[in-house]
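This report concerns only the one structure given below.
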There are 2 protein chains.
Amino acid sequence: MAIEVVLADDHAIVRQGLSAVISQEQDIKVIKEASNGKEVVDIAKNASVDIFIIDITMPILNGLEASSQIMQINPRNKVIILSMHDNRAFIERALSLGIKGYVLKDSAADEIIQAIRVVYKNEYFLSPRISTFVIQDYIDSRGQKIGEKKIVSLTGREREVLQLIAEGYINKEVATHLKISLKTALAHRNNIMQKLGIHRQADLIKYALKEGITTI
Amino acid sequence: MAIEVVLADDHAIVRQGLSAVISQEQDIKVIKEASNGKEVVDIAKNASVDIFIIDITMPILNGLEASSQIMQINPRNKVIILSMHDNRAFIERALSLGIKGYVLKDSAADEIIQAIRVVYKNEYFLSPRISTFVIQDYIDSRGQKIGEKKIVSLTGREREVLQLIAEGYINKEVATHLKISLKTALAHRNNIMQKLGIHRQADLIKYALKEGITTI
DNA sequence: TCTAAAGTAGGTAGTTATACCTATTTACAG
DNA sequence: CTGTAAATAGGTATAACTACCTACTTTAGA
């Protein structure tokens, strides 16, 4: 019986293209498609699916949050993340959620096919560029290096603040929105910047977009 | 003989997916692919191509600039723009370049097939959402409305400045980069913001990203 | 239960951005 | 040839951001 996959991507053309590529394989079948995070979570609740292929950047509920909920529904659910970017922080988050597949959009289409087959067997598949630095981090953490690996993890509140900033709110508005003082909003902002090694608003916004914390 | 098309998109998976969709049609053939604007311009210089399908958001040379150069090489070249956003300003620019096809990525895959066939016959194909407001604008411009239609068109220099801002340069650096005074850089920035009705850096950056003026 | 992390909030300085002005030179279209 | 748009550049004032401080309270984990 074929491996039954669900595709989630907000762009219909991308989704159908991917579907066309996958359909060329006899052992894989696209049984459902979703155009946002909420839809794919609903599918996870109501259908039996072998593998979820989820794009990071989606409206309403981004790919990461959707994956998180899907893993909560059943930790044995298998998810492959499709992403435009090879950002360390995001990969860590995905892996810590128990996601086993992470494929970059700029890799060849047959990588996604490979990923489906590998993840189906409950093994990891990461695009080469990703696995390279996951392995590198592993090596570094084993070694005697005391060097401060800037492994970034924002707190929940920090992510909330960052999202508002990236959506165009100024600090004053962030504070109002979260019902905290301006000084607190600034403190969060400064902590975020320090953690990320970012010094400019522009980079902050781009980071948030890259991470799928917010969408354009 | 089949319609020979070239695909330009920086994401290989998207490109191959699209290629798979197109390949299902007997009368259309993907003869070449490009992963950035420069590559597709090079193809335009050296090969005979019926239709160029170009994604807006691409590194090195964005889809719009690439299209502009392709139209300069031969004004009879046929280009279809693939875009994530239905932004008025960008569509105007595309149309004024002589581009006859504009397809949104969130539309169905067969729209691109339709677009190829229609544009091949030297007619216009715009995704419905696009054509709606192109027509609306036409109607408005015919009517007696004196209302200030905020039809936005940035000048070349303004686009340069905006790109640098969106890439994370502060005004001082923009000035250095373009070898102009800080005051001039500021003047351009203010003009851009006024034209776009934007008052915050965050929105400026998001605008640039949306328009494909720069990439994340 | 104790402690570390997270969340809260304030102070102070210096830098950068925003929003108005005005004005000159260059290039191009009517 | 002549006006208009574009590109250049300066002035001034206010708002927002960045980068340091310190310090208290709450929360969750060892």
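All figures in this text were calculated on a predicted structure; none of them were measured in a lab. Each chain gets a letter, A, B and so on, in the order its sequence line appears, and its residues count up from 1.
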Inset, instruction - Could you tell me whether Leu182(A) contacts a base, only the sugar-phosphate backbone, or nothing, with contacts defined as non-hydrogen atoms closer than 4.0 Å? - result: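 Touches nothing.
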Inset, instruction - For His199(B), report the nucleic acid contact type (base, sugar-phosphate, nothing); a contact means any heavy atom under 4.0 Å. - result: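 If one applies the 4.0 Å heavy-atom cut-off, His199(B) turns out to touch the sugar-phosphate alone, with no base involved.
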When the distance from [atom1] of [X] to [atom2] of [N] is rounded to whole Å, what number comes out?
| X | N | atom1 | atom2 | value |
| --- | --- | --- | --- | --- |
| Ile180(B) | dG10(D) | CD1 | P | 11 Å |
| Leu186(A) | dG10(C) | CG | P | 11 Å |
| Gln194(B) | dA19(C) | CD | P | 9 Å |
| Leu196(A) | dA19(D) | CG | C1' | 16 Å |
| Asn190(A) | dC17(D) | CG | P | 11 Å |
| Ile192(A) | dT18(D) | CD1 | P | 11 Å |
| Asp203(B) | dA16(D) | CG | P | 14 Å |
| Asn191(B) | dT8(D) | CG | C1' | 11 Å |

Legend entry - Interatomic distance, Tyr120(B) atom OH to Glu4(B) atom CD [nearest 0.5 angstrom]: 8.5 Å
Inset, instruction - Please confirm whether any donor atom in the side chain of Lys183(A) sits under 3.5 Å from an acceptor in the base of dT22(D), or the reverse. - result: no
Inset, instruction - Between dA19(D), dA9(D), dT8(C), spot the one nearest the side chain of Met193(A), thanks. - result: dA19(D)
Inset, instruction - Can you figure out which of dA9(C), dT18(D), dA7(D) approaches the side chain of Ser181(A) most closely? - result: dA9(C)
Legend entry - side chain to side chain contact (heavy atoms under 4.5 Å, CB included) partner of Ile192(A), the single match among Leu204(A), Thr155(A), Ile198(A): Leu204(A)
Legend entry - Ile73(A) vs Lys45(A) side-chain heavy atoms within contact, under 4.5 Å: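 They are in side-chain contact.
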Legend entry - Residue closer to the 5' end of DNA chain D, Thr184(B) versus Gln201(B) (nearest nucleotide): Thr184(B)
Legend entry - Short side-chain N/O contact to dT18(D) OP1/OP2 from Arg200(A), under 4.0 Å: no
Legend entry - side-chain N/O Arg157(A) vs dT8(C) OP1/OP2, d < 4.0 Å: yes
Inset, instruction - Tell me which residues in residues 170-179 of chain A put a heavy atom below 4.0 Å from DNA chain D, sorted by number, or none. - result: Ile170(A), Asn171(A), Lys172(A)
Inset, instruction - Can you see which heavy atom on Asp203(B) is nearest to which on Gly168(A), and at what distance? - result: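 Closest approach of Asp203(B) to Gly168(A): OD1-CA, 4.2 Å.
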Inset, instruction - Over all heavy atoms of both residues, which pair between Ile13(A) and Ala108(B) is shortest? Give the atoms and the distance, please. - result: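 For Ile13(A) versus Ala108(B), the nearest heavy atoms are CG1-O, 3.9 Å.
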Inset, instruction - In plain terms, say whether Arg15(A) and Asp55(A) are close enough for a salt bridge, that is, a side-chain N and a carboxylate O under 4.0 Å apart. - result: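 No.
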Inset, instruction - Verify whether one side chain among Gln201(A) and Arg189(A) offers a donor that lies under 3.5 Å from an acceptor in the other. - result: yes
